[in-house]
Amino acid sequence: VQLQASGGGLVQAGDSLSLSCAVSGGAFNMYTMAWFRQGLGKERAFVATISGSGAATEYSSSVKGRFTISRDNAKKTMYLQMNSLKPEDTAVYFCAAKSNPYLSPSMRARASRDAYDYWGQGTQVTVSS
């Protein structure tokens with residue numbers, strides 16, 4: 001299974017940006033997908049996750065209400081629509097896949113990097129003030 005993230009760029013605070021993660025190999029609808037991000041000098045942190053069917057989602061408190069995760073199983077692609085961007089959203093954004101179509105029962109498990117089996121290479125998002 002290979003994941004390819006794209007869509008990053010340089011934007012101003014308040015702007016919007018959309019990321020994509022294209023997946024090749026495997027049965028896409030059988031994977032829970034997620035976005036993580038890693039700021040300079042920081043640990044990789046959970047952003048959002050979506051179940052295999054797309055029916056269930058979860059967000060970190062820092063992005064809830066501003067970001068929307070979605071997926072198109074026919075296109076084997078996951079998306080992250082980011083609105084009202086802030087300078088603190090600046091990071092490399094990674095997509096990840098877990099070999100289970102259902103979200104983990106606990107938020108802690110959903111947000112754990114160890115829960116995900118496959119990772120993309122990351123795409124840089126920079127938000128200027």
> Which distance, rounded to the nearest 0.5 Å, do you find between the CG of Leu85 and the OG of Ser128?
Replying inline: 10.5 Å
> Considering all heavy atoms of both residues, which atom of Leu80 and which atom of Val47 are nearest to each other, and what is their separation?
Replying inline: CD2-CG1, 4.2 Å
>> Go through it in stages, so that I can follow the logic: the residues are Leu17 and Tyr93, the test is side chain to side chain contact (heavy atoms under 4.5 Å, CB included), and I'd like the CA-CA distance, side-chain angles, deciding distance and then a yes or no.
In response: CA-CA 12 Å; Leu17 198 63; Tyr93 283 70; over 6 Å; no
>> I need the full list of salt bridge (charged side-chain N to carboxylate O under 4.0 Å, His left out) pairs touching residues 45-64, with sequence neighbours left out, sorted by first then second residue.
In response: Glu58-Arg110
> Side-chain heavy atoms under 4.5 angstrom apart, residues restricted to Ile, Leu, Val, Met, Phe, Trp, Tyr: same cluster for Val92 and Ile69?
Replying inline: no
> Checking Thr123 side chain against Gly8 main chain: does a donor-acceptor pair fall under 3.5 Å?
Replying inline: yes
>> Within this structure, what is the CG-OG1 distance for the pair Leu103 and Thr57, rounded to the nearest 0.5 Å?
In response: 7.5 Å
>> Minimum heavy-atom separation for Arg71 and Ile50, please, with both atom names.
In response: NH1-O, 3.6 Å
> What closest approach, in Å, do Ala13 and Pro87 show between heavy atoms, and which atom pair accounts for it?
Replying inline: CB-CD, 4.1 Å
> Taking Ser104 for the side chain and Ser106 for the main chain, is one N or O donor matched with an acceptor at less than 3.5 Å?
Replying inline: no
> Hey, are the side chains of Phe46 and Arg37 touching, using non-hydrogen atoms and a 4.5 Å cut-off?
Replying inline: no
>> Main chain of Ser16, side chain of Asn83: is a donor-acceptor contact present, judged purely on distance under 3.5 Å?
In response: no
> Okay, side chain of Ser18, backbone of Gln81: is any donor-acceptor separation there less than 3.5 Å?
Replying inline: no
> What do the steps show when you test Arg66 against Asp89 for side chain to side chain contact (heavy atoms under 4.5 Å, CB included), and what is the final call?
Replying inline: CA-CA 11 Å; Arg66 298 188 298 122; Asp89 294 318; 2.7 Å; yes
>> So for atom CD, which belongs to Gln2, do other residues, nucleotides or ligands contribute more than 12 heavy atoms lying within a distance under 6.0 Å?
In response: no
>> Between Lys98 (side chain only) and Tyr102 (backbone N and O only), is there a donor and an acceptor less than 3.5 Å apart?
In response: yes
> Is there a side-chain contact between Met33 and Leu3, using heavy atoms and a 4.5 Å cut-off?
Replying inline: yes
>> Can you see whether Thr77 engages Asp72 through a side-chain donor-acceptor pair at a distance of less than 3.5 angstrom?
In response: no
>> How close do Phe28 and Lys76 get, counting heavy atoms only, and between which atoms?
In response: CD2-CA, 3.5 Å
> Side chains of Gln124 and Thr126: donor-acceptor distance under 3.5 Å anywhere?
Replying inline: yes
> Under a single-linkage definition using a 4.5 Å side-chain heavy-atom cutoff for Ile, Leu, Val, Met, Phe, Trp and Tyr, are Trp119 and Tyr79 assigned to the same hydrophobic cluster?
Replying inline: no
> Do you know which two heavy atoms are closest between Ala111 and Phe36, and how far apart they sit?
Replying inline: O-CE2, 3.4 Å
>> Does the Lys NZ or Arg CZ of Arg44 fall within the cation-pi geometry relative to Phe94 - under 6.0 Å from the ring centre and within 45° of the axis?
In response: yes
> Is there any disulfide bond (SG atoms under 2.5 Å apart) pair reaching into residues 84-129, and which pairs are they, with sequence neighbours excluded?
Replying inline: Cys21-Cys95
>> Quiz question: by atom type and distance under 3.5 Å, do the side chains of Asn100 and Thr32 form a donor-acceptor pair?
In response: no
>> Under the criterion side chain to side chain contact (heavy atoms under 4.5 Å, CB included), I'd like the reasoning laid out for Tyr116 against Thr49: C-alpha separation, chi angles, the key distance, then a yes or no.
In response: CA-CA 11 Å; Tyr116 295 88; Thr49 186; 3.3 Å; yes
> Which residue, Val125, Thr68, Val127, forms the side chain to side chain contact (heavy atoms under 4.5 Å, CB included) with Met82?
Replying inline: Val125
>> A side-chain contact here means heavy atoms from C-beta on lying under 4.5 Å apart; do Asn73 and Tyr31 qualify?
In response: no
>> Is it true that, when you exclude Met107 itself, more than 12 heavy atoms of the residues, nucleotides or ligands shown sit nearer than 6.0 Å to its CE?
In response: yes
> Closest approach of Trp35 and Ser20, non-hydrogen atoms and distance?
Replying inline: CH2-O, 3.6 Å
